K.L.:
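Below is one structure. I have some questions about it.
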Amino acid sequence: MSDTYIIEVASQPAGIVVRDPAGYRFFAASHRFNRLEGQLFRNAREAERAARRLVSGAVLPMAS
């Protein structure tokens with residue numbers, strides 16, 4: 001299992017997630033994804049879903 005994943009939405013870079021002891025921390029690649037900056041997710045897939053929801057305009061629950 002990798003320690004770092006690139007997250008893309010609609011073929012555009014959203015950010016990266018980096019494994020830390022509590023899960024995966026998100027680092028935004030553009031201002032569009034700043035709302036996710038520093039949030040902690042259980043896994044990379046959860047971070048990708050959050051980035052997709054952000055683009056679609058869905059209301060996002062606050063992660064850790």
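Any value given below was found using the heavy atoms of this structure, including those in side chains, with hydrogens, waters and symmetry copies removed. Everything numeric in this text was worked out from a predicted model, so none of it was measured.
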K.L.:
Which atoms form the tightest heavy-atom contact between Ser30 and Pro13, and what is the distance?
P.N.:
OG-O, 4.3 Å

K.L.:
Can you list the residues that meet the side-chain contact (heavy atoms from CB on, under 4.5 Å) rule with Arg42, with sequence neighbours excluded?
P.N.:
Glu46

K.L.:
Identify the heavy atoms of Glu8 and Arg52 that sit nearest to each other, and give their distance.
P.N.:
O-NH2, 3.7 Å

K.L.:
Got a sec, which residues hit side-chain contact (heavy atoms from CB on, under 4.5 Å) with Glu37, two or more places apart in sequence or on another chain?
P.N.:
Phe27, Ala28

K.L.:
Describe, in one word, how the ring planes of Phe26 and Phe33 are oriented to each other, choosing from parallel (under 30°), tilted (30 to 60°) and perpendicular (over 60°).
P.N.:
tilted

K.L.:
Is there a path from Ile16 to Val9 through hydrophobic residues (I, L, V, M, F, W, Y) whose side chains come within less than 4.5 Å of each other?
P.N.:
no

K.L.:
Using the side-chain contact (heavy atoms from CB on, under 4.5 Å) rule, pick out the option among Thr4, Ile7, Leu40, Asn43 that qualifies with Val17.
P.N.:
Ile7

K.L.:
Should Leu36 and Val55 be counted in the same cluster of Ile, Leu, Val, Met, Phe, Trp and Tyr side chains packed under 4.5 Å apart?
P.N.:
yes

K.L.:
In sequence, state the C-alpha distance, the side-chain angles, and the governing distance for Tyr5 and Val18, and then conclude on side chain to side chain contact (heavy atoms under 4.5 Å, CB included).
P.N.:
CA-CA 7 Å; Tyr5 293 94; Val18 178; over 6 Å; no

K.L.:
Which atom names give the shortest non-hydrogen contact between Arg32 and Leu54, and what distance separates them?
P.N.:
O-CD2, 3.4 Å

K.L.:
Answer yes or no: is there a donor N or O on one side and an acceptor on the other, between the side chain of Arg19 and the main chain of Tyr24, under 3.5 Å?
P.N.:
no

